[in-house]
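Position 1 is the first residue of the sequence; numbering continues from there. Side chains included, hydrogens not; waters and symmetry mates left out as well; all remaining heavy atoms used. Predicted model only: the values in this text are computed from it and were never measured.
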Amino acid sequence: MEAARRAAEDALAAAKARLDKVRQTASLDALDAGTAMTNARQLIASANTQTKLLDQTRALYRSQYFDLGTRNLNDLLDAEEDYYNALIERSDSERDLDIALLQCHLTGGTLRSALGLSNVTLYGYPIDSFGVDVGEEAAASEKAEEPSQPGSLPVPPVTGKEPLFANAG
């Protein structure tokens with residue numbers, strides 16, 4: 001009887017340790033995603049500035065090539081290539097920001113609501129019952145059950161019916 005109690009206590013302690021490890025991993029993932037979001041935003045701002053400057057440069061080079069004849073074709077094509085490479089870099093940074101935002105929502109348990117999939121059914125079954133992520137309701141009930149749980153993860157708020165990927169398409 002005593003051995004069974006100790007085994008149950010050990011199993012409970014092991015389960016709590018695994019739960020703490022999962023929570024710690026989720027917190028670290030959320031922090032990583034937050035850092036990635038900050039970096040992506042800075043890269044987007046930098047790429048926007050670079051794109052504006054390169055657009056001015058290529059307009060100047062076009063004028064010098066077509067109107068004045070003082071620029072050679074290689075300079076003009078290099079300016080065009082630089083401009084379009086900057087657009088690609090900005091697009092890549094926007095994609096990285098979207099991925100980081102999704103990661104924040106995933107680790108925070110708000111992915112379904114961020115995608116507008118709360119209270120939605122698929123073939124007559126509620127999507128919330130599939131158990132892919134915990135969702136806001138389950139996360140709230142889990143917090144109520146365990147008051148020792150650390151604070152909420154840094155997930156940006158979802159406002160109104162604004163789409164998650166406002167810049168897409």
Margin query: With rounding to the nearest 0.5 angstrom, report the OG1 to CZ distance, Thr25 to Arg18.
Written below: 13.5 Å

Note to self: Same cluster or not: Leu122 versus Val120, using hydrophobic residues (I, L, V, M, F, W, Y) connected whenever any side-chain heavy atoms lie under 4.5 Å apart?
What the structure shows: yes

Item checked: For the student: nearest non-hydrogen atoms of Leu97 and Arg41, plus distance -> CD1-CG, 3.9 Å

Check: Which atoms form the tightest heavy-atom contact between Cys104 and Ala33, and what is the distance?
Finding: SG-CB, 3.5 Å

Margin query: Show the nearest heavy-atom pair for residues Ala100 and Ala36, with the distance to one decimal.
Written below: CB-CB, 3.8 Å

Check: Among Asn39, Leu43, Ile88, Asn48, which residue meets the side-chain contact (heavy atoms from CB on, under 4.5 Å) test with Ser93?
Finding: Leu43

Note to self: Can you give me the closest heavy-atom contact between Leu76 and Tyr65, atom names plus distance?
What the structure shows: CD2-CD2, 3.7 Å

Margin query: Can you tell me how far apart NE2 (His105) and CG (Leu101) are? Round to the nearest 0.5 Å.
Written below: 4.0 Å

Next item on the list: Any chance you could measure Glu89, atom CD, to Asp92, atom CG, to the nearest 0.5 Å?
Entry: 7.5 Å

Item checked: Distance-minimising heavy-atom pair for Leu102 and Leu115 -> CD2-CD2, 4.2 Å

Notebook entry, point to check: Salt bridge check: are Arg95 and Asp98 linked by an N-O gap of less than 4.0 Å?
Noted result: no

Check: Between CZ of Arg112 and CG of Asn119, what distance do you get to the nearest 0.5 Å?
Finding: 11.0 Å

Note to self: Quick one: does any side-chain atom of Thr107 pair with a main-chain N or O of Gln103 as donor and acceptor, under 3.5 Å?
What the structure shows: yes

Note to self: Any side-chain to backbone donor/acceptor pair from Thr57 onto Leu53? Under 3.5 Å, distance only.
What the structure shows: yes

Note to self: The test is side-chain contact (heavy atoms from CB on, under 4.5 Å); show your working for Tyr61 and Asp78 and say whether it passes.
What the structure shows: CA-CA 10 Å; Tyr61 280 23; Asp78 287 343; over 6 Å; no

Checklist line | Thr35 side-chain N/O to Leu31 backbone N/O, donor-acceptor pair under 3.5 Å | finding: yes

Notebook entry, point to check: Less than 4.0 Å between a side-chain N and a carboxylate O, is that true for Arg5 and Glu2?
Noted result: yes

Check: How far apart are the C-alpha atoms of Leu87 and Arg90, what are their side-chain angles, what is the distance that settles it, and do they pass the side-chain contact (heavy atoms from CB on, under 4.5 Å) test?
Finding: CA-CA 5 Å; Leu87 289 178; Arg90 183 178 69 192; 3.5 Å; yes

Check: Any link between Leu117 and Leu106 through a network of hydrophobic side chains (Ile, Leu, Val, Met, Phe, Trp, Tyr) touching at under 4.5 Å?
Finding: yes

